[in-house]
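The figures that follow rest on heavy atoms only: side chains count, while hydrogens, waters and symmetry mates do not. Below, read A as the first sequence line, B as the second, and so on, with proteins coming before strands; counting in each chain starts at 1.
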Protein chains: 2
Amino acid sequence: MKVTIKDIAQAAGVAKSTVSKVMNDSPKISEETKTRVRDIIKQMNYTPSSIATGLARQSSNTVAILIDMSKESEFLNQFFYNIIGGVESVIGPLKYELTIANIQHDQAEGHFLHRLVLNKRVDGIIANTSVLTPELCAELNRLEFPYISIGEINPPGTWVDCDNELGGTVLTGHLLEQGYSSIAFIGGEQNEPLFLRRIAGYTATLRQAGLPVRSDRIINGRAAEEDGYDAAMQLLQSAEPPDAIVCMSNFSAFGVLQAARELKVQIPAQLGIATFDEYPLSPYTTPPLTSLNMDTFQLGVSAGRLLMDKLGTTVTTESGQLLEPVLIPRLSSLRSSK
Amino acid sequence: MKVTIKDIAQAAGVAKSTVSKVMNDSPKISEETKTRVRDIIKQMNYTPSSIATGLARQSSNTVAILIDMSKESEFLNQFFYNIIGGVESVIGPLKYELTIANIQHDQAEGHFLHRLVLNKRVDGIIANTSVLTPELCAELNRLEFPYISIGEINPPGTWVDCDNELGGTVLTGHLLEQGYSSIAFIGGEQNEPLFLRRIAGYTATLRQAGLPVRSDRIINGRAAEEDGYDAAMQLLQSAEPPDAIVCMSNFSAFGVLQAARELKVQIPAQLGIATFDEYPLSPYTTPPLTSLNMDTFQLGVSAGRLLMDKLGTTVTTESGQLLEPVLIPRLSSLRSSK
DNA sequence: TTGTAAGCGTTATCAC
DNA sequence: GTGATAACGCTTACAA
């Protein structure tokens, strides 16, 4: 039923190795036999078994994106889906396959290190920092196994990330430009690196503008609607309410919108809102949200390229690993036009 | 460097075949040797090469989800992302890997039939009807290659789908219950199967309620905001405007909200809105949208189960392939409480 | 330029 | 119970 290299060899009256060389377009085979063998290959509709090839070549031509699906917040992030597309767009044309692996099932023996790496099931890995713990990175380094981290990691490791500090700068700067002067920041989790980066940009921008950085204007919490609502309520009802808020996510921002609506605070007149992340809902809230788009597809592209580089498939790769975010100004923060 | 079955055999002083049997927990091996060999395996940190195993067993323990990333509308649908999660959740524990393949690059020789199927790279395939054309299904049937379609296909093929007709019924029924009596339907593409199913439910429900089905109340178009806006404008400014609208998507619905706002039509008092699909934005529009949630994660689970069944890995599978949608009533259609 | 033969790391079929 | 040995389908020196 299935046709193998042997069948082709026989049909063409040549050795298996010759067929193999023809398949790989070796220069040591005469054009004559090449075309002859190729004809037969077409005729018999032969496709080499990638498993056998993999065994012989000691590689699988596959890379994995690791995801922790147990973390809903992470899995549900459409963010990852875009990364998948970005990675695929660079590795696909290079004849690599993409497998998506959930690290959740990975108890002891089922650990992805075994299931995918030692296994030789994949040639390289892409994952974010919550999966790629320092210990894992150390292990992968020791094994000299190629991997790319989404999010900054320690030196020997290669990573890509969105420039979150710049993001904090851009959002804060935008609000300042719009004439807001008392800007709060909400929705970050205390010591989370993501928050720290973003708040750094926020802080630096305020300082540079000669404005004070007040700790009572920075409210930590989850990046969820309720937390955004609570934070906004607290801020807006304080003695000196801010006149603008930078939010960690669209959901936080929606909570702020809700609070403002209830307190009859006019947006953008009395309160400006600008938020990280461009979710599909950003344009559809009332008013639409000024948001900062991080091109996660491009993030996947960068990660894919870096990985392909490591795998020796030469691709022109930019050395910079930080992607610039793009501000999308919408009504929630535009009062200069008034 | 890398440790193979041979190394273990030598270290344990047994034959390779014995080690293999131990790995597969064959009953013909004494507990004694089993534990001895296992100890060595642990010690030497041995993991069998899945490529070699694949070659020997003639299977890859991998299934693919095919996506056409060139169709933005399709790729961007977070819908697919949930399916991925659903599929993974059933095949993962069964030691299958998941690969995501883009059929876009598949010109001639690069066609996925070669790249994945004839290739033996994957043991089974899951894809939606836009990828699984009748010709492809025929070919796969001929090859007796296992595949599951997301969306109904012809007889020999196995498929899963959301019950879109029931969806049409539920949404229309809900609006009727809320006291609306003149219900329009917008956003479907003329002959698209998805639209036909949904409109069938809508039509049947109206008929059953003794209401007329008026063709001027059914407006086709893309499921995008602008189209929804245009359709709503047209309907609401007509001689006999409807008092409720069923939308094909959240985006259509947002267009309707926009139009209603401009025309000062009160929602839900003067106009009820209910829509297919529960996007993250549904709860955040003004007012929040009554929407119909299709559990696409569960769709992936069903597809995964059916495929595992075909691959002989017995899993308890429900025979029904239609998933029931769940109505999430929100303010945009609730006037009975008033 | 083409053919021979030895791997690649498992599994599976028989003997023992 | 355990061990040779032949597949599995392809690649790759090394010969010819």
Side-chain angles (χ1 to χ4, degrees), chain A residues 1-38 40-41 44-62 95 114-123, chain B residues 1-38 40-41 44-62 95 114-123:
Chain A
M1 190 68 234
K2 84 202 72 165
V3 27
T4 76
I5 200 173
K6 201 173 164 187
D7 302 319
I8 303 296
Q10 286 178 342
V14 298
K16 290 192 304 178
S17 57
T18 304
V19 178
S20 173
K21 281 164 194 150
V22 172
M23 288 298 304
N24 298 296
D25 200 22
S26 159
K28 350 191 68 180
I29 299 288
S30 68
E31 278 308 319
E32 208 184 321
T33 34
K34 269 190 188 172
T35 47
R36 189 160 52 85
V37 172
R38 280 189 184 127
I40 311 241
I41 287 177
M44 303 184 64
N45 197 25
Y46 165 67
T47 307
S49 151
S50 53
I51 298 196
T53 307
L55 220 211
R57 289 220 185 112
Q58 295 287 71
S59 94
S60 58
N61 262 250
T62 299
K95 306 291 180 197
H114 285 80
R115 219 181 74 215
L116 300 172
V117 179
L118 302 178
N119 232 10
K120 296 265 158 214
R121 203 158 186 147
V122 303
D123 297 342
Chain B
M1 189 69 232
K2 84 201 72 163
V3 29
T4 77
I5 200 173
K6 201 173 164 185
D7 303 318
I8 303 296
Q10 287 178 343
V14 297
K16 291 192 303 179
S17 54
T18 304
V19 178
S20 174
K21 280 164 193 151
V22 171
M23 287 300 304
N24 297 295
D25 201 21
S26 159
K28 349 192 67 178
I29 298 288
S30 68
E31 279 308 320
E32 209 182 320
T33 35
K34 269 189 188 171
T35 46
R36 188 160 53 85
V37 172
R38 278 188 186 129
I40 311 241
I41 288 176
M44 303 185 64
N45 197 25
Y46 165 68
T47 307
S49 151
S50 52
I51 297 195
T53 306
L55 220 211
R57 289 223 182 109
Q58 294 288 70
S59 94
S60 58
N61 262 252
T62 299
K95 307 289 180 196
H114 287 80
R115 219 181 73 214
L116 300 172
V117 179
L118 302 178
N119 231 9
K120 296 265 158 215
R121 205 157 185 148
V122 303
D123 297 342

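- The CD1 atom of B:Ile5 sits 9.0 Å away from atom OG1 of B:Thr18, with the distance rounded to the nearest 0.5 Å.
- Taking atom NZ of B:Lys6 as the reference point, atom C1' of C:dT11 lies 16 Å away to the nearest angstrom.
- Atom P of nucleotide C:dT10 and atom CG of B:Asn61 are separated by 15 Å, given to the nearest angstrom.
- Counting any heavy atom pair closer than 4.0 Å across all strands shown, A:Thr53 reaches sugar-phosphate atoms only and no base atom.
- Distances shorter than 4.0 Å separate none of the side-chain N or O atoms of B:Thr18 from OP1 or OP2 on D:dT2.
- Between B:Met23 atom CE and D:dT2 atom P the separation is 17 Å, expressed in whole Å.
- Taking 4.0 angstrom as the limit, B:Ser49 places none of its side-chain polar atoms (N or O) nearer than this to OP1 or OP2 of C:dC8.
- Axis angle, first five pairs versus last five pairs of the helix from C:dT1-D:dA16 to C:dC16-D:dG1: 40°, rounded to 10°.
- A straight line from NZ of B:Lys28 to C1' of C:dT13 spans 10 Å, rounded to a whole angstrom.
- If you measure from atom NZ of B:Lys16 to atom C1' of D:dA4, you get 10 Å, rounded to the nearest angstrom.
- One N or O donor and one acceptor, one from the side chain of B:Lys21 and one from the base of D:dG3, sit under 3.5 Å apart.
- Distances shorter than 4.0 Å separate some side-chain N or O of B:Gln58 from OP1 or OP2 on D:dG9.
- A side chain to side chain contact (heavy atoms under 4.5 Å, CB included) with B:Arg38 is found for exactly one of B:Val19, B:Asp25, B:Thr33, namely B:Asp25.
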